[in-house]
Amino acid sequence: MDELVLAFIAALSIVTGAALLIAVVRGGTLERLREILGAPRGADLEAAARRALDDRETAEWEAGRAAADTTYLLDLVGAGIIRLDPDLRVAAANEAAHVFLDRASGELVGLSAIEALGDHRIESLARRAHEVGWANGEIAGGDGQQTLIVRARRSPIEGLWLVIEDVSELRRLQRIRAEFIDNLSHELRTPLTTVRLLTETLARDLDGSELPPRIRDGIVKIDVETGHLVQMVNELLDLSRIEQGSAPLHLSQVDVGQLVRASVERLALFAERQGVTLRADVEDELPPVRGDEDRLGQLLINLLHNAVKFSDAGGAVTLRARRDDGQIRLSVEDEGIGIPRSDLDRVFERFYKVDKARVGVRGGTGLGLAIVRHIAESHGGRVWVQSEEGRGSTFTVAIPASEV
Ligand code: ADP
C-alpha cells in the first residue's frame with residue numbers, strides 16, 4: 001500500500017466510519033476501495049475521495065439547516081412540543097414547552113420525564129403512550145388556575161412526542177359562561193312563572209267572555225309563547241346544572257322496562273294529538289342499569305318528544321330496549337323528516353337546530369339533545385344518531401348494565 005492510498009483510507013474512514021479502515025487494514029485492496037467509492041477502474045481515486053468528503057459535508061450542512069428550520073417553526077407554535085427519547089429523557093423541547101413548564105429556555109433538554117414535566121400525571125401519560133402508542137389527558141393545576149391538555153404519541157421513528165396545550169383561559173371563560181347562564185335562568189324563572197300562571201288563568205277565563213277576538217288571540221299567543229319561554233329557562237337551568245356537575249346523580253337500580261313504558265305513557269297524549277303511533281318494544285328480563293331514574297326518564301322523554309315532534313301525522317315511533325354485550329341499548333326510531341348528513345355531528349350541540357325555518361313550526365329550544373348527551377355520558381354511556389332525510393331517524397343510547 002503506498003502513502004497516497006493510506007491517505008485515502010484515512011480520509012475515507014472519516015466519511016464511511018471505522019468499518020472501511022478495518023476492511024482495508026484487514027487486507028482490503030484498491031479494488032475494494034474503488035468499489036466503495038463507486039469509482040470506475042482507472043478513475044482518479046483522490047478526486048473520488050474528495051468528492052465523497054464534499055458530499056458528506058454538504059449533507060451535514062443541509063441536515064443542519066433543516067433542523068434549524070424545524071426548531072424555528074416549533075418555536076413559533078403556541079402549543080408546547082417535547083420529544084422524549086426511548087428512555088424518556090427530553091431530546092428536544094420548543095419555547096412554549098419551557099413556558100408551560102416554567103423553565104428557562106433550553107433547560108428541559110437532557111432531563112428525565114419526571115424532572116422535566118414536574119407532574120406525575122403528565123409523566124404517567126408519557127409512560128402509557130410509550131407502552132400502548134398513545135395517551136391523552138386534561139391536567140388541572142393544584143390552584144385550579146392552569147389547565148393543560150396533554151397528548152402523547154409514540155414516534156414512528158423512536159421515542160415519543162408530547163404536545164401540551166394551555167386551555168386555562170378557555171376553561172375559565174367556559175366557567176364564567178356556565179355561571180352566567182345559571183344566574184340568568186334563575187333570575188328569569190321567578191317572574192316568568194308568575195306571568196305563566198297569570199296567562200294560564202286569563203286563557204282559561206276566555207271561555208264565555210265578551211272580549212273581542214283580537215284580544216282573545218293575543219292572550220292565547222302570550223300563553224303559548226310564555227310556555228316556550230318557561231320551557232327554555234328550565235332546560236337551560238337543567239343543562240347548566242348537569243354540565244357543572246352541581247346536580248349529583250341519585251343512583252339506584254333502575255328497571256329499564258318500567259322506565260320505557262312509563263315514558264311512552266307520558267307522551268301518549270302528545271303523540272295522539274300529532275296523529276303518531278307510539279310503541280314500546282322491550283326485551284324480556286332485561287338487567288337493571290345503575291343510574292338516576294329521573295335523569296334517564298328525562299333522556300327518554302327528550303328523545304321521544306323529538307321523534308313525535310319531527311314526525312308527520314300517520315307516522316310511527318318505536319322505543320326499543322335491548323341487552324347488548326354488557327350494555328343496555330335504548331333506541332328511539334321514527335319515520336319523520338330525518339336529519340341531513342351534514343348536520344348529524346352537530347345536533348348534540350346546545351342551541352343547534354337543523355334548518356331553523358322547519359323547526360320554527362314545530363317549536364323547540366335546541367337544548368334537548370345536549371341534555372340527552374350529558375345524561376348518557378354521566379351514566380358512563382354514549383348516544384349517537386343514524387338518519388336519512390325524508391325517511392326518519394334513530395337515536396341510540398348505550399349504558400352499561402348493572403351487575404346485580
Ligand atoms: P329542539 O328543542 O330544537 O328539539 P334538540 O336539541 O332536541 O332541540 O334537537 C336539536 C335539533 O336536532 C332539532 O332542532 C332538530 O332539527 C334535530 N332533531 C332532533 N331530533 C330529531 C328527529 N327525531 N328527527 C329530525 N330531526 C331531529
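Since the structure is predicted, the reported quantities are computational estimates derived from the model, not experimental observations. Note that ligands are numbered from 1 as they come in the structure, with each ligand's atoms numbered from 1 the same way.
The residue Val372 has no part lying near ligand 1, judged by heavy-atom distances below 4.0 Å. Contacts with ligand 1 closer than 4.0 Å are made by heavy atoms of both the backbone and the side chain of Leu369. Contacts between His305 and ligand 1 below 4.0 angstrom, taking non-hydrogen atoms only, are absent altogether.
Taking distance alone, with nitrogen or oxygen atoms compared against 3.5 Å, Asn306 approaches ligand 1 more closely than that limit. Some N or O of Val354 is nearer than 3.5 Å to an N or O of ligand 1, by distance alone.
A salt bridge does not link Arg261 with Glu265: none of the charged nitrogens is closer than 4.0 Å to a carboxylate oxygen. Salt bridge status for Glu123 with Arg127: present, with a side-chain N to carboxylate O gap under 4.0 Å. Salt bridge Arg346/Glu349: present, at least one basic N to carboxylate O contact under 4.0 Å. Salt bridge status for Glu60 with Arg56: present, with a side-chain N to carboxylate O gap under 4.0 Å. Using a cut-off of 4.0 Å between Lys/Arg side-chain N and Asp/Glu carboxylate O, Arg322 and Asp324 are scored as not salt-bridged.
For ligand 1, the atoms sitting less than 4.0 Å from at least one non-hydrogen atom of Val347 are 10 (C), 12 (O), numbered in the order shown with element in parentheses.
The closest approach between any non-hydrogen atom of Arg350 and ligand 1 is not below 4.0 Å. For the pair Gly336 and ligand 1, no heavy-atom separation below 4.0 Å is found. For Asn302, the heavy-atom gap to ligand 1 stays at 4.0 angstrom or more.
Crowding of Glu115 atom CD: a count of heavy atoms from other residues, nucleotides or ligands under 6.0 Å exceeding 12.
By heavy-atom distance, the residue among Ser311, Gly366, Gly368 lying nearest atom 1 (P) of ligand 1 is Gly366. Scanning Phe310, Phe348, Tyr352, Phe351 for the heavy atom closest to atom 24 (N) of ligand 1 points to Phe310.
Side chains of Arg153 and Asn136: a donor-acceptor N/O pair is present below 3.5 angstrom, by distance only.
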